[in-house]
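Comments concern the structure below.
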Amino acid sequence: MTALIIQNNENSDFAQSWAELQNKFRVFFGQAKYKSWISHLDYVERNGSELILSAPTRFIREWIRNNYLETMADIIRKYHPSIKAIDVIVRSNIAANKNDNTRTKLRNVDYEHNSDNVVHPEDTIGSPIDKRLNFNNYVVGETNQLAHAAAKAIAQSNSIIAGDNPLYLYGGVGLGKTHLLHAIANYIRENKPERKVVYLSAEKFMYHFIKAVRNNDLMDFKEKFRGVDVLLIDDVQFICGKNSTQDEFFHTFNSLIDEKKQLVISGDRSPTCFDQMKENIRSRLSGGLVADIGGTCYELRLGILRAKLSQMRNVKIDDKVIEFLAENIVNNVRELEGALNKVAAHSLLIGKQINLELVQEILGDVLRLQDKIVTINEIQKKVADYFGIAVSELISRKRSRNIARPRQIAMFLSKNLTSRSLSEIGRKFGGKDHTTVIHAVKKVEELCSKEREYNEDVTLIRKSLLN
Ligand code: ADP
Ligand code: MG
């Protein structure tokens, strides 16, 4: 065995590093764990980017693999970034074949060298899951009901949900997409530990992906997702506009679905609104279940505030204040939470109940900022001007195409640029039903994807509203 190991300088150098690494493991895992398990590992060889270690028995190897290897891989990689994979073999197997010094044979026949033994340091591709974001503290209301139900169904299922693959969650910033993805991950980790769930941002996905393309190692990239049952990708808008890699991304994406991995993807807009996204990806995203997390409605905002307040100790806030916040902080849940925290902190500081007067003082700039958002009135005015019609016509019941089309666009933009719920929007358009708004949004999305000029109109109005 020794003859095989100390083959070159790289190896003997690493033997020394191994001793240093062992010290790190000792410190990190503590003496007891180190002594019982990790100290039994021997360094065998380093083969380019692969590190081979050995354990005395199969049992110890399995135990280390299941409990420590991922963390060890992180530690190793910190000091030796070029190491991409770690393999643990069972020592007795080497000893038995000591005399057989043909390396290839050793590797193929005698090492227990199946890919399951390999932990790629970068295999910890996922981002950490925040335990605080779970289904229990996700407040459900009119605007996020579908997204919540779909996410929960996936979390509870033991296999993929055919019609829901991929599940695409879309909504503006701060409306709870990330919360739902983490909730899925937390639920599965707690209740179905046998199912492997990985959460990562699309940006990180792309990072790994681009690196694989550069290193000409797409196989390795795919390998990383092999054991994953549920893959959660956050903020897919980040992959837009990177044309060269979109095709490859699409293949990977497709093969994951073909391999029956459940995918849940979040993004900040509906698939049809990704102007720079390739058609095939768009249609694949639309092919599963598309769940829109609409803006917030008053009831949801109130529900969220009450739920969060009930978790705060020693904070006294007048119910009128809570209603005031729900009424006035309408952009998204993140701002709503921020406002509540600010008020709560103040209440703790001064040790008395916060009333309406105080709240205006405390939240002055936050409240002013709310004024800057686009309002439905502004949208109506802009759209009416653009198409040369009157606002009164826009909100009338007229059905002629020259009125109906601008009306649909105005509804669509209201949905996209404000945080008003579908019913609220309907009301603002002369008391129309929320289904009319849904229909308008779908129609605009459809036309945007089919007619270039129409798409340009919508984009232009949108831009001018945001400027
Ligand atoms: P997004 O990913 O859509 O930008 P997040 O998931 O990060 O939004 O949500 C922003 C904040 O609002 C987080 O702190 C999240 O916990 C909270 N939040 C969003 N929606 C809800 C909800 N329905 N119930 C409770 N908290 C929510
Ligand atoms: Mg997010």
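All ligand and atom numbering here is 1-based and tracks the order in the structure.
Asn134 and Tyr187 form no side-chain donor-acceptor contact under 3.5 Å, judged by distance and modelled atom types alone. Using a 3.5 Å distance cut-off with no hydrogens or angles, the side chains of Thr435 and Asp433 do pair a donor with an acceptor. At a cut-off of 3.5 Å, with distance as the only test, a side-chain donor of His179 or Asn137 sits close to an acceptor on the other residue. A donor-acceptor pair shorter than 3.5 Å cannot be found between the side chains of Lys320 and Asn355.
Note on Ser266: not counted as a metal contact of the Mg ion (ligand 2), no N/O/S atom lying under 2.8 Å.
The cationic group of Lys261 does not satisfy the cation-pi geometry with Phe225, failing either the under 6.0 Å distance to the six-membered ring centre or the 45° limit from the ring axis.
Only the side chain of Glu337 comes within 4.0 Å of ligand 1, counting heavy atoms alone; its backbone N, CA, C and O stay farther away. With a 4.0 Å cut-off on non-hydrogen atoms, Leu133 touches ligand 1 through its side chain and not its backbone.
For the pair Ile304 and ligand 1, the shortest N or O to N or O distance does not fall below 3.5 Å.
Within ligand 1, the atoms closer than 4.0 Å to a non-hydrogen atom of Gly174 are 1 (P), 3 (O), 4 (O), 8 (O), 10 (C), numbered from 1 in the order shown. Listed by number with element, the atoms of ligand 1 under 4.0 angstrom from any heavy atom of Gly172 are 3 (O). Each of the following atoms of ligand 1 lies closer than 4.0 Å to a heavy atom of Val139: 22 (C), 23 (N), 24 (N), 25 (C). Of all the atoms in ligand 1, the ones that sit under 4.0 Å from a non-hydrogen atom of Lys308 are 25 (C), 26 (N). For ligand 1 and Asn137, the ligand atoms under 4.0 Å from any heavy atom of the residue are 24 (N), 25 (C).
Minimum interatomic distance between Leu175 and Gly294 (heavy atoms only, all atoms of both residues): CD1-O, 3.7 Å.
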